[in-house]
Every structure is written in structure tokens, then in C-alpha cells.
Amino acid sequence: MDGARILLVEDDPGISAGLARALTHEGYDVVVTSSGQDAIRTVQEGPDEPDVVLLDLGLPDMDGLDVIRRIRRDAMTPIVILSARFAEREKVEALDRGADDFVTKPFGLEELHARLRVVLRRGAGPGGDADGRVVVGPLAFDARRHEVRVGEEAVDLTPREFELLRVLLGEQGRIVTKGKLLRAVWGQAYQGEDSYVYVHVSQLRHKLAAADRTGALRDLIVTEPGIGYRVRAPEPAAAAIEDKT
Ligand code: CA
């Protein structure tokens with residue numbers, strides 16, 4: 001991840017200069033452009049193909065949503081959106097078109113760094129081991145055995161709740177839109193039935209909380225208002241080691 005190449009697509013010179021400086025200082029290799037066309041060309045043709053694209057949606061030459069669509073036609077390069085506050089619809093549309101995550105302006109560098117870390121790690125392969133077992137604190141999710149435990153206690157989930165948790169854990173640290181959850185758990189025909197998601201996520205949280213004697217899972221499933229949910233990102237290994245010394 002060190003030295004990962006970021007393509008920063010931003011037409012506000014103040015923002016792009018500050019961000020490029022800060023990200024370079026963090027050890028990233030930053031390439032800046034203010035043009036959507038240029039961004040698409042760079043991803044498709046190189047020579048500086050980025051590891052991640054940091055994309056402002058309001059560009060002078062083309063709609064940022066079209067930039068996402070064009071990049072996604074033939075590249076899986078992670079895309080993180082730089083979005084304005086109160087632009088929920090825009091964020092949802094960007095995510096549905098294949099963006100991987102977003103940060104809302106004004107954002108802290110720490111938040112951006114966390115998002116970048118998750119999407120870059122994602123490129124290295126899905127979470128969980130070969131048997132589909134995912135462990136987050138006291139939570140152990142076992143897809144093969146169809147079993148969820150919190151500590152020693154088995155948690156009795158309905159098939160929908162189990163699927164919801166499976167999808168969310170598979171995207172650990174990343175936003176999952178309500179639409180994506182509906183498609184994955186209920187199917188295409190349920191598009192727009194957001195209340196299904198609210199109700200089942202609420203039940204899922206309730207059951208996990210009831211089994212969670214330590215409170216360690218209290219903030220496991222975070223709500224992103226108007227957009228969807230995010231399961232807390234796994235702790236970076238380095239930080240876990242530091243904690244023990
Ligand atoms: Ca702009």
C-alpha cells in the first residue's frame with residue numbers, strides 16, 4: 001500500500017494543491033488532473049495507471065457520474081468520491097454506478113486516509129478466510145456452517161438477517177447502499193423497498209446486542225444517513241501490534 005498511486009481529479013486548485021501535498025506527505029504518489037476526459041484516459045491508457053481514483057463529481061468538462069461509468073466499463077480501479085454535504089442522491093448514484101466510497105467535504109485527512117486504506121486493501125482480495133469465516137472482535141461469522149456466534153453464545157438469525165450480515169461483513173469498512181443490500185438479499189424485484197432493509201438491520205443489531213455482553217459490537221454496523229450502512233473497518237495489523245507494546 002505504501003507508495004500507492006492516487007489519481008486526484010479535482011478542478012478547485014486550492015483543494016487539489018492542499019490535498020496533493022498532504023497525500024504526498026503520507027507517502028502516496030499523487031497525480032493531479034482537473035479534467036474528466038484526462039482521468040479516463042489515464043486509467044485506460046497510462047502510463048501512470050493509478051491504484052485508486054479520488055474524484056470530485058463537479059468537473060468543468062464532464063459530469064463526474066459519467067467519469068465513473070466510463071472508468072467502470074473496463075477497469076476495476078477503486079474510485080473514492082469527494083462529495084458535497086447534503087448530496088445524498090448524488091452519492092447513492094455514484095456508488096450505484098460503481099464508485100467504491102465517498103468522503104464528504106470538508107473532510108479530515110484521517111478520514112480520507114482510512115477510506116483509501118480500505119479500498120486499497122480490498123484490491124488485495126476479499127476479507128475472511130477460505131472457509132468464509134469472518135471474525136470481528138467477539139463476533140464470529142461462519143458461512144459454511146451457517147453459524148453466527150458472539151463470544152460463546154450462538155446468535156439465532158433468520159435467513160435474511162444472516163444474508164444481510166454476510167454482505168455487510170464482505171464489505172468490511174466500506175459503504176453498502178440500501179439498494180445494493182436489497183438486490184443482494186431480496187432480489188431485483190424489491191428495488192425501492194428501503195423499509196425492508198431498515199427493519200432487518202434493526203433486528204440484526206438487536207440480536208447481536210443481546211448476545212454482546214462486553215458491548216464491543218455496539219458500533220459494528222454504522223448508519224450512513226440517507227445512503228446505507230458500513231461495518232466498522234478491521235483494525236490495521238500494525239496498530240494492533242502497537243497496542244500490545
Ligand atoms: Ca469541482
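As the structure lists them, so they are numbered: ligands from 1, and atoms in each ligand from 1.
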> What N, O or S atom of Asp56 is found closest to the Ca ion (ligand 1)?
OD2
> Under 3.0 Å from the Ca ion (ligand 1) - does any N, O or S atom of Gly58 fall there?
yes
> Applying side-chain contact (heavy atoms from CB on, under 4.5 Å) between Ile6 and each of Val52, Val53, Val32, report the one that passes.
Val52
> If you check every N/O/S atom of Asp11, which is the one nearest the Ca ion (ligand 1)?
OD1
> Under 4.0 Å between a side-chain nitrogen and a carboxylate oxygen: does that hold for Arg149 and Asp142?
no
> Check for a donor-acceptor pair, side chain of His200 on one end and backbone N or O of Tyr196 on the other, with a separation under 3.5 Å.
yes
> Give a yes or no on whether a salt bridge exists between Asp100 and Arg72, defined as a side-chain N under 4.0 angstrom from a carboxylate O.
yes
